[in-house]
Amino acid sequence: MEKTWRWFGPNDKITLEMLRQIGVEGIVTSLHHIPNGEVWSLGEVEKMKNYIEARGLRWSVVESLPVSESIKYGGPDRDQLIERYKESLANLGKAGVKTVCYNFMPVLDWARTDLEYPNADGTSNLYFNRAEFAYFDIHILKRPGAEADYDAETLRRMNTEVLPRMDAEAEHRLVDNIIVKTQGFVNGNISENDKEPVEKFRSLLALYKDIDRDKLRANLKYFLEAIMPVCDEYGIDMCVHPDDPPLQILGLPRIVTCADDIRWLLEAVPDSHNGLTFCAGSLSGGAHNDVVAMAEEFAPRTHFVHARICKVLPDGDFKESTHLDPRLVKIVRTFQNEDRPIPMRVDHAPLMLGDEKMGYNAGYSFHGRMLALGMVSGIMAAADADRKAE
C-alpha cells in the first residue's frame with residue numbers, strides 16, 4: 001500500500017515538509033475553498049497538484065469531491081449538478097489525479113458525541129455514546145417520533161445517565177460535537193459560522209422527508225451510472241466511503257452500512273471504476289460487521305483504505321481502538337498483499353503529546369496519526385517480509 005495522509009491545504013498547521021519527514025508518500029486532500037456543487041477547474045486542480053509535487057510528494061487521492069445533497073435526494077437541479085461533477089472529474093483526470101473518495105450519507109457526514117474521550121494512558125479519542133446521541137435527537141433536535149428509533153436500554157440510559165447532567169453548556173457542546181466540529185472542515189453542510197445550527201440542520205433533514213433506503217439507492221445508482229463514462233475515459237476510481245456510524249440515524253436512510261449493502265452497490269454498477277473506500281473504522285462501529293472477512297471479500301474492488309478501527313462496547317457505544325488491534329493487523333495484511341499500490345491513510349488517531357492544544361480538525365491530530373502511521377508501517381513491513389520468505 002501507499003502511505004498517504006489527509007492534509008487540509010496550505011493553511012493546515014501540519015505542513016507537507018513535516019509529512020515528508022515521517023514517511024508519507026502521497027497526499028489525500030480536496031479543493032476545500034470551492035463551494036459544493038461548483039466545478040473544479042483544470043487550473044485549480046493543477047495549482048494544487050503542482051503545490052504538492054513541488055514539495056516532493058504526490059496528490060494520490062481526492063477526499064472528497066463532495067456530492068451535493070440535491071444529487072442524493074434527487075432534487076430538480078440534480079442533472080445540472082451531476083454535469084458539473086463530471087466536468088470536475090474530467091479535470092482531475094486530465095491532471096492525472098485518479099482516485100476519488102466520496103460519500104452518499106444524507107446531511108451528516110460522520111457523527112461522534114465526544115471528541116476528547118479520556119483514555120487511561122492520558123490520551124483521548126473520539127467516542128460515540130448512543131444515549132447522548134438519543135438525547136440530542138429527542139431533546140435538542142426534537143425530531144418527531146425519534147423515541148421509537150431507540151431501544152429501551154438506550155432510552156433508560158438517556159433518562160438516568162444523560163438527562164440529569166445536561167445543562168445549556170452541555171447541550172451546546174453536544175450540538176458542536178455532532179453537527180459542527182465534525183462537519184465544517186470536510187465541506188459539510190454546517191459551519192462554525194452558522195448562528196442557528198440546529199435550525200439549519202432541521203431544514204436539511206426535511207429535504208429527505210420522502211426518501212427511504214430504496215429511493216436513496218436508486219439515486220446513488222443514477223449518479224454512478226451518469227459519471228462512469230467519464231471515469232472510464234480518464235481511468236478514475238470512485239471510492240464510496242461507508243456510512244459512519246454504519247447505522248440508521250436521525251430517521252435518515254443509510255445505504256453503505258454492511259456487507260450486503262456493499263455487494264448491492266458493486267453489483268448495481270459493475271464497472272471496475274465503481275469501488276470502495278474500505279474504512280475499517282466506520283464499518284467496525286457496528287457490531288454486525290465482520291470487518292476482517294469484509295476486507296478479504298471486497299479487496300478486489302477496494303481502491304482506497306482508511307486504516308483505523310473501533311471497539312464496540314456492550315451497551316452499543318463505540319470508541320476508536322489502537323491501530324495495533326488484531327483485526328486491523330489482519331486487514332492491513334490483506335491489502336498489503338494485493339498486487340497493486342492501494343493508497344492507505346491512518347485515521348482518527350488519539351490526541352497526545354499536546355495535540356489537544358493545537359486546534360487540529362477533529363480526528364486529525366499530528367502526533368497521534370504519526371504514531372498510528374508508524375504502527376501500520378510496521379504491519380506492512382512484516383507482511384512484506386513474510387511474503388518474501390514464502
Side-chain angles (χ1 to χ4, degrees), residues 1-35 38-66 88-102 184-187 234-237 239 241 277 303-308 323 332 335-336 340-349 351-355 357-378 380-381 384:
M1 290 188 292
E2 177 192 19
K3 299 172 190 176
T4 69
W5 185 280
R6 191 171 193 184
W7 176 72
F8 296 98
N11 293 326
D12 196 325
K13 295 177 182 179
I14 302 169
T15 68
L16 296 181
E17 288 79 6
M18 293 164 67
L19 298 182
R20 283 188 65 195
Q21 293 183 41
I22 64 172
V24 171
E25 299 162 339
I27 295 302
V28 177
T29 195
S30 178
L31 300 185
H32 294 285
H33 61 288
I34 298 180
E38 297 299 317
V39 172
W40 289 15
S41 71
L42 180 58
E44 288 291 334
V45 171
E46 290 181 332
K47 180 179 177 182
M48 176 62 78
K49 184 171 183 280
N50 292 338
Y51 184 94
I52 294 168
E53 290 179 350
R55 287 151 182 83
L57 295 162
R58 56 182 169 267
W59 189 359
S60 300
V61 181
V62 175
E63 185 176 3
S64 297
L65 178 53
S88 296
L89 284 177
N91 288 333
L92 286 165
K94 291 171 185 175
V97 183
K98 298 192 176 184
T99 304
V100 176
C101 174
Y102 72 102
F185 70 92
V186 286
N187 301 86
Y234 292 100
I236 295 173
D237 290 327
C239 316
H241 190 288
T277 294
H303 303 307
F304 185 31
V305 173
H306 286 183
R308 68 177 179 90
H323 286 72
V332 169
F335 291 113
Q336 184 67 1
R340 55 196 172 92
I342 304 174
M344 174 281 303
R345 71 170 176 84
V346 295
D347 201 4
H348 291 195
L351 292 171
M352 60 187 298
L353 301 176
D355 281 333
K357 301 174 184 177
M358 296 301 294
Y360 297 133
N361 293 325
Y364 294 94
S365 62
F366 179 62
H367 291 111
R369 279 194 288 169
M370 181 169 63
L371 174 63
L373 181 61
M375 291 175 172
V376 173
S377 295
M380 292 165 60
D384 288 342

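In this text the structure is predicted, and so the values were computed from the model without any measurement. Below, all heavy atoms of this structure are taken into account, side chains as well, without hydrogens, waters or symmetry copies.
- Here the side chain of D347 pairs no donor or acceptor atom with the backbone of R308 at under 3.5 angstrom.
- Remark: side-chain polar atoms of T277 are not paired, donor with acceptor, to backbone N or O of F304 under 3.5 angstrom.
- Of the N and O atoms on the side chains of E63 and H241, not one donor lies less than 3.5 Å from an acceptor on the other residue.
- Without hydrogens or angle criteria, H303 side chain to T99 main chain gives no donor-acceptor distance under 3.5 Å.
- Counted within 6.0 Å of CZ on R20, heavy atoms from surrounding residues, nucleotides or ligands total 12 or fewer; the atom is thus considered open.
- One N or O on the side chain of N91 and one on the backbone of W40 form a donor-acceptor pair closer than 3.5 Å.
- When all heavy atoms of S30 and S64 are compared, the pair lying nearest together is OG-O, 2.7 Å.
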Checking K47 against L31 for the side chain to side chain contact (heavy atoms under 4.5 Å, CB included) test, could you report, in this order, the C-alpha distance in whole Å, the side-chain angles of both residues, the deciding distance, and whether it holds?
CA-CA 10 Å; K47 180 179 177 182; L31 300 185; over 6 Å; no
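- In terms of modelled atom types and a separation under 3.5 Å, the side chain of R369 and the main chain of A349 share no donor-acceptor contact.
- Figure legend: cation-pi geometry between R55 and Y51, with NZ or CZ positioned under 6.0 Å from the six-membered ring centre and within 45° of its axis.
- Judged by distance alone, with hydrogens and angles left aside, the side-chain atoms of K13 form no donor-acceptor pair with the main-chain N or O of Y360 at under 3.5 Å.
- Side chain of D355 to main chain of L351: no donor-acceptor pair is present (N/O by atom type, distance under 3.5 Å, no hydrogens or angles).
- Panel note: side chain W59, backbone V61; a donor-acceptor pair is recorded below 3.5 Å.
- A donor-acceptor pair under 3.5 Å is absent between the side-chain atoms of S88 and the main chain of V39, judged by distance alone.
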